[in-house]
Amino acid sequence: SGDILEIGTYLGLSASILAEAAPARTIHTVERKSKSAKYARRNLRRAGITNVVVHVADAISWLDEAAEQGMSSNEIKKAIRIWRADHHRV
């Protein structure tokens, strides 16, 4: 139950594997590069995969927005805090 989050879509291969392994779930995949996201959407469409949503955004910014909208779980919120602590050390 619940959605699955993938960070770093590239061409959509991992997202397609996740989608086929969990057909009843929605896969949210976040890709920073719009060109890669475009190719991923095309590849997913060609494969007939409909349970993947490709988001074009910086992952941390997208996760912040998702958290504000109530889309992310406590585990994702915790992961964001850990990532920030590790990457913002002086």
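- In the displayed structure, R32 atom CZ is contacted under 6.0 Å by at most 12 heavy atoms of other residues, nucleotides or ligands.
- Through chains of ILVMFWY side-chain contacts below 4.5 Å, I4 is grouped with L18, I27, L44, I49, V52, V54.
- The structure places CZ of R42 at 4.5 Å from CZ of R46, a figure rounded to the nearest 0.5 Å.
- Rounding to the nearest 0.5 angstrom, the gap separating the CG atom in N43 from the NZ atom in K38 is 12.0 Å.
- Across A22 and N51, no two heavy atoms sit closer than the pair O-ND2, 3.2 Å.
- Taking all atoms of both residues into account, the shortest heavy-atom contact from A37 to V56 is CB-CG2, 3.4 Å.
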Under 3.5 Å, which donor-acceptor pairs link side chains of residues 7-14 to any protein atom two or more places apart or in another chain?
residue	atom	partner	partner atom	Å
T9	OG1	T29	OG1	2.5

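- Clustering of Ile, Leu, Val, Met, Phe, Trp and Tyr by side-chain heavy atoms under 4.5 Å joins V53 with none of the others.
- The aromatic rings of W62 and H55 lie tilted to each other, with the angle between the two planes from 30° to 60°.
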